[in-house]
*Asks:* 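The structure's right below; bear with me while I get my questions together.
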Amino acid sequence: MIVDCLGRNCRVLELMRRVLLTSGLYHMAFAIWVIVFPLHAFDFLKLPHPNHPILWQILGVISATLGLGLLIAAKNPIHHWLIVLLGLIKCGVATLVIAGAVWRTELPGSALFILGVDDVVWIPFFAWILWAALRAHAGIPPSRKQPYSIGEAAAAYALSDGRKLDEASMQQPLVLVFLRHFGCTFTRQILRGLQELEQQAGQKNATLVLVHMLKSGEEMDYLGKNSGIARIADPRCELYRAFGLGKGGFLELFGPQVWWRGAIAIFKGCGIGHLAGDGLQMPGVFVFHQGEIIASQPAKNAADLPDLDALFAECTEPMQTAPQN
């Protein structure tokens, strides 16, 4: 489930509020039980009563504080993400400590029941809310409530040689390679093979164009000997959104396939650099001709690399270069 956001103003799913409201009420109820009846839990677990039950009651006060915080966070989970993070840390630490005590037979197996309802059950929900908050706060927020249409974007953005995108597409087919941030190991892998991509595009009478998320000119630090390749600077990711490329989900950015291909790329020497762009932005490749997309290859995950043979195979019309006057 994706949260609809414009910058940090998000339409929060009602389920988030219900989860935090339920968790907050539970922690408040648990606190009352522990504070008023501090020995009941020990009787349930068939453990000897502690010499200082006030310590158990202090844990109840901590639970009440967290519960109150979660009730406050339920009003706006994305804005109050720090409270949710504290809840996740509390649940994670309690899970490790109690599970370890059961493993060492310091606590009976029945302690796992309390662990389950008090901590484990909330972990996936808290993690989900925090991931939504990350997507809302991280990266480059859109500058427009409604994204550009293809035509609007093509008329607004220009190549590094000064030609507008729509004008250039009338003169020859363009292979638009939308990159992830320049520190991404997969972007670095693409940059290492740019000359081959440029040759493949040229064989189809097309021009290779890189679309990146830095301000115009900043990309030169990363291109090196490939600085002659045509480029489009899109620091607000407006062109990305016009072509249907948005932010990736958790599996798209950190799934098993991404880790596996990333390890291979690093082993080949591509390495990892600092974040230079929106780390959540997904890449893609398009053939853009005469103001229209005639073939598309949006990435399924962050590890997807351009496959120009497959891309050109999708073209349903011949690509011709306009005659020069």
Side-chain angles (χ1 to χ4, degrees), residues 1-8 10 128 130-150 153-154 157 165 174-194 197 208-215 219 222 231-266 270 272-288 293-308 310-311 314:
M1 289 180 282
I2 299 176
V3 181
D4 181 20
C5 293
L6 178 62
R8 298 187 180 186
C10 299
W128 166 56
L130 287 171
W131 174 247
L134 174 64
R135 287 171 57 86
H137 289 81
I140 302 170
S143 59
R144 296 163 53 93
K145 186 172 184 180
Q146 295 296 330
Y148 278 120
S149 66
I150 295 292
Y157 280 84
L165 177 57
L174 305 177
V175 178
L176 301 178
V177 178
F178 288 80
L179 301 172
R180 276 180 47 74
H181 68 91
F182 278 105
C184 174
T185 186
F186 305 114
T187 298
R188 295 160 73 98
Q189 191 172 359
I190 291 174
L191 295 181
R192 291 180 65 175
L194 271 184
L197 288 177
L208 183 69
V209 180
L210 300 180
V211 184
H212 61 85
M213 294 176 276
L214 298 181
K215 293 181 180 179
E219 76 281 3
Y222 302 91
R231 307 169 304 279
I232 298 177
D234 183 19
R236 304 302 299 177
C237 293
E238 293 172 338
L239 196 60
Y240 282 80
R241 295 184 180 95
F243 277 74
L245 299 175
K247 295 184 180 183
F250 184 83
L251 291 178
E252 292 172 316
L253 296 172
F254 304 107
Q257 191 174 38
V258 177
W259 282 101
W260 172 248
R261 291 186 180 179
I264 294 175
I266 293 173
C270 294
I272 300 176
H274 67 280
L275 186 66
D278 188 339
L280 303 179
Q281 179 63 51
M282 291 294 289
V285 188
F286 300 84
V287 177
F288 192 60
I293 297 173
I294 63 174
S296 62
Q297 199 175 81
K300 296 179 180 178
N301 58 59
D304 276 355
L305 300 177
D307 184 349
L308 296 196
L311 182 69
E314 294 183 14

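Quick caveat: nothing in here was measured; it's all calculated off a predicted structure.
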*Asks:* Quick one: CD1 on I272 to OG1 on T187, what's the gap to the nearest 0.5 Å?
*Replies:*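 If I round to the nearest 0.5 Å, the distance is 11.5 Å.
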
*Asks:* Once salt bridge (Lys or Arg N to Asp or Glu O under 4.0 Å) is applied, what residue pairs with a partner in residues 248-262 remain, sequence neighbours excluded?
*Replies:*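 Non-adjacent pairs meeting salt bridge (Lys or Arg N to Asp or Glu O under 4.0 Å): R261-D304.
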
*Asks:* Which pair of heavy atoms, one from G279 and one from R180, lies closest together, and at what distance?
*Replies:*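 Residues G279 and R180, closest heavy atoms: O-NH1, 3.1 Å.
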
*Asks:* For a side-chain contact (heavy atoms from CB on, under 4.5 Å) with L208, tell me which candidate from L194, L176, V285 qualifies.
*Replies:*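 Single pass found, and it is L194.
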
*Asks:* So how far is it from M213 CE to D278 CG, rounded to the nearest 0.5 Å?
*Replies:*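 Rounded to the nearest 0.5 Å, the CE-CG separation comes to 6.0 Å.
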
*Asks:* Shortest non-hydrogen contact from E314 to A295?
*Replies:*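 Here E314 and A295 meet closest at CB-CB, 3.9 Å.
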
*Asks:* Using only atom types and a distance under 3.5 Å, with no angle test, would you say the side chain of T185 pairs donor to acceptor with the backbone of C270?
*Replies:*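 Such a contact is absent between T185 side chain and C270 backbone.
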
*Asks:* Within the distance-only criterion (no hydrogens, no angle test), does the side chain of R192 pair as donor or acceptor with the backbone N or O of R188 below 3.5 angstrom?
*Replies:*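 No, because the side chain of R192 does not come within donor-acceptor range (under 3.5 Å) of the backbone of R188.
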
*Asks:* What's the shortest heavy-atom distance between A242 and S149, and which atoms?
*Replies:*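 That would be CB-O, 4.0 Å.
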
*Asks:* Could you work out, with side-chain hydrogen bond (donor to acceptor under 3.5 Å, both in side chains) as the rule, every residue matching Y222, not counting sequence neighbours?
*Replies:*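 For Y222, the residues satisfying side-chain hydrogen bond (donor to acceptor under 3.5 Å, both in side chains) (neighbours in sequence not counted) are H274.
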
*Asks:* Donor-acceptor pair, distance only, cut-off 3.5 Å: does the side chain of Q281 make one with the backbone of L245?
*Replies:*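 A pair under 3.5 Å: yes.
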
*Asks:* What's the spacing between L179 CG and F186 CZ if we round to 0.5 Å?
*Replies:*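 Rounded to the nearest 0.5 Å, the CG-CZ separation comes to 13.5 Å.
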
*Asks:* Could you pull out the closest heavy-atom pair between V177 and P306, with the gap in Å?
*Replies:*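 Scanning both residues completely, I find the closest heavy atoms to be CG1-CG, 4.1 Å.
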
*Asks:* From I232 CD1 over to L210 CG, what is the distance, rounded to the nearest 0.5 angstrom?
*Replies:*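 I232 CD1 to L210 CG: 9.5 Å, rounded to 0.5 Å.
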
*Asks:* Which atom pair, heavy atoms only, marks the closest approach of L197 to I190?
*Replies:*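 That closest heavy-atom pairing would be CD1-CG2, 4.0 Å.
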
*Asks:* Which residues pass the ring-ring contact (aromatic ring centres under 6.0 Å, His included) test with F286, not counting sequence neighbours?
*Replies:*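 In terms of ring-ring contact (aromatic ring centres under 6.0 Å, His included), with neighbours along the sequence ignored, F286 is linked to F178, F243.
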
*Asks:* Please check if the side chain of D234 supplies one atom and the backbone of L239 the other of a donor-acceptor pair under 3.5 Å.
*Replies:*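 Answer holds: yes.
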
*Asks:* Please check this pair: side chain of Y240 against backbone of G284, looking for a donor-acceptor N/O pair closer than 3.5 Å.
*Replies:*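 Not a single qualifying donor-acceptor pair exists.
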
*Asks:* Checking the side chain of R241 only, and the main-chain atoms of G246 only, is there a donor and an acceptor separated by less than 3.5 Å?
*Replies:*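 Such a contact is absent between R241 side chain and G246 backbone.
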
*Asks:* So which heavy atom on K247 is nearest to which on M282, and how close?
*Replies:*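 Of all heavy-atom pairs spanning K247 and M282, the closest is C-CG, 4.0 Å.
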
